[in-house]
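One-based numbering along the sequence shown.
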Amino acid sequence: MPTPSELEMSRRNLLIGTASSVAIGAVPQAAKAQNSVTDVSAPAAVKPPTAKVSFTVNGAVRELDVDTRTTLLDALREHLHLTGTKKGCDHGQCGACTVIVDGRRINSCLTLAVMHEGDSVTTIEGLGTPDHMHPMQTAFVKHDGYQCGYCTPGQICSAVAVIDEIKAGIPSHVTEDLNVPPQLTNAELRERMSGNICRCGAYSNIAEAMTEAAGRPA
């Protein structure tokens with residue numbers, strides 16, 4: 001019968017042998033992995049597909065060759081350098097990226113640039129300049145509707161479209177009588193502007209600015 005010292009030596013030899021086998025087996029795998037990383041013959045990363053798109057932005061025809069996944073917002077900001085349009089939530093929930101496309105306001109972060117071939121896009125830069133401001137911009141300044149200013153480009157683009165909607169007789173969810181044109185009421189303005197979020201809480205000032213810009217004293 002083996003003595004305790006002999007058992008201890010056998011156990012130690014077993015552990016040493018097992019560890020050696022594992023280490024020897026791991027060397028080829030490590031070398032294989034290293035070779036796969038440094039192998040210069042490996043194929044290069046596939047470039048994303050691109051497409052050409054042409055649209056009119058603030059009255060000028062612009063042509064771009066963009067990744068087909070590029071949003072209209074990123075095309076405006078990163079390719080055309082029109083940084084007035086802001087990227088807020090990037091999920092279509094805050095309205096900071098609102099622009100006007102063919103007379104209709106949209107969230108530019110939720111639509112692809114290649115979807116607007118031939119469209120007419122108006123951003124905040126196309127509404128007015130510091131020397132010749134749009135009436136809505138003037139009203140926002142007068143009534144302090146901008147405050148921190150981050151959401152203001154989207155607010156103003158949306159406000160311009162809202163006034164056009166009301167004047168065109170397009171009803172909203174709060175329009176009480178569908179047989180008569182919608183009225184420029186505070187409820188109508190707030191309902192239609194509900195997709196434009198202002199963290200500063202300047203909603204009452206914005207409503208006053210919109211009312212004045214529409215031609216009715218606030």
Side-chain angles (χ1 to χ4, degrees), residues 44-165 192-203 205-206 209-210 213-214:
V46 178
K47 291 184 178 181
T50 62
K52 294 185 182 297
V53 60
S54 175
F55 40 54
T56 300
V57 181
N58 299 332
V61 177
R62 308 301 297 266
E63 296 182 354
L64 298 174
D65 187 2
V66 296
D67 184 328
T68 54
R69 300 166 296 179
T70 302
T71 64
L72 179 59
L73 172 61
D74 286 337
L76 293 171
R77 288 182 56 84
E78 306 300 333
H79 294 265
L80 299 180
H81 307 295
L82 295 171
T83 55
T85 304
K86 302 305 181 186
K87 178 176 286 194
C89 65
D90 213 23
H91 287 77
Q93 298 174 349
C94 72
C97 68
T98 303
V99 296
I100 302 172
V101 177
D102 291 336
R104 177 171 170 262
R105 56 192 171 124
I106 67 169
N107 291 323
S108 59
C109 74
L110 293 184
T111 183
L112 298 176
V114 294
M115 297 170 61
H116 295 282
E117 174 69 32
D119 286 352
S120 177
V121 182
T122 302
T123 70
I124 189 67
E125 292 91 345
L127 286 179
T129 65
D131 295 328
H132 299 88
M133 291 196 295
H134 186 281
M136 189 65 73
Q137 293 172 312
T138 301
F140 263 66
V141 172
K142 177 180 177 180
H143 293 276
D144 193 22
Y146 52 89
Q147 295 203 12
C148 86
Y150 192 85
C151 72
T152 304
Q155 294 275 5
I156 291 179
C157 285
S158 193
V160 169
V162 162
I163 298 303
D164 289 342
E165 290 172 9
R192 294 169 191 263
M193 292 292 291
S194 60
N196 291 82
I197 307 302
C198 172
R199 292 193 176 210
C200 298
Y203 298 116
N205 300 359
I206 291 170
M210 292 176 65

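Counting only distance, with no hydrogens or angles, the side chain of Y150 and the backbone of K87 share a donor-acceptor pair below 3.5 Å. Within the 3.5 Å criterion, the main-chain N or O of G201 finds no donor-acceptor partner in the side chain of Q147. Formation of a donor-acceptor pair under 3.5 Å by the N196 side chain with backbone atoms of G154 is found in this model.
The shortest non-hydrogen separation linking T111 to I106 is CG2-CD1, 3.8 Å. Closest approach of R69 and P48 over heavy atoms only: NH2-CB, 3.3 Å. Taking each heavy atom of L127 and T122 in turn, the nearest pair found is CD2-CG2, 4.0 Å. The heavy-atom pair separating G149 from P153 by the smallest distance is O-CD, 3.6 Å. In terms of heavy-atom proximity, S158 sits nearest to M193 at OG-SD, 3.7 Å. Residue C97 comes nearest to S108 through the heavy atom pair O-OG, 2.7 Å, listed as atom of the first residue, atom of the second, then distance.
Considering only heavy atoms from C-beta on, L64 comes within 4.5 Å of L80 through its side chain. The shortest side-chain heavy-atom distance between I124 and T152 does not fall under the 4.5 Å cut-off. Between I100 and C157, the closest side-chain pair of non-hydrogen atoms falls below 4.5 Å. The side-chain heavy atoms of R105 and R192, taken from C-beta on, include a pair separated by under 4.5 Å. Under the 4.5 Å side-chain criterion, counting only non-hydrogen atoms from C-beta, F140 is in contact with Q155. H134 places a side-chain heavy atom less than 4.5 Å from the side chain of V160. The shortest side-chain heavy-atom distance between N107 and T98 falls under the 4.5 Å cut-off. You'll find the side chain of L72 stays beyond 4.5 Å of the side chain of L112, heavy atoms only.
I206 CD1 to C151 SG: the interatomic distance, rounded to the nearest 0.5 Å, is 5.5 Å. The line from OG1 of T138 to CD1 of I156 is 9.0 Å long, rounded to the nearest 0.5 Å. The SG atom of C109 sits 12.0 Å away from the CZ atom of R77 when rounded to the nearest 0.5 Å. In this structure, the separation between CD on E117 and OG on S54 is 5.5 Å, given to the nearest 0.5 Å. Atom-to-atom distance recorded for D65:CG and K52:NZ is 4.0 Å, nearest 0.5 angstrom. Rounding to the nearest 0.5 Å gives a distance of 4.5 Å between CG of D102 and CG of D119.
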Open item on the list: Walk me through whether V114 and F55 qualify under side chain to side chain contact (heavy atoms under 4.5 Å, CB included).
Closed with: CA-CA 9 Å; V114 294; F55 40 54; over 6 Å; no
Task: CA sep, side-chain torsions, deciding dist, call: M210, I163, side chain to side chain contact (heavy atoms under 4.5 Å, CB included) - done: CA-CA 8 Å; M210 292 176 65; I163 298 303; 4.3 Å; yes
TODO: Check step by step if side chain to side chain contact (heavy atoms under 4.5 Å, CB included) holds for T70 and H79.
DONE: CA-CA 10 Å; T70 302; H79 294 265; 4.3 Å; yes
Open item on the list: Is there a side chain to side chain contact (heavy atoms under 4.5 Å, CB included) between T71 and L110? Walk through the geometry before answering.
Closed with: CA-CA 7 Å; T71 64; L110 293 184; over 6 Å; no
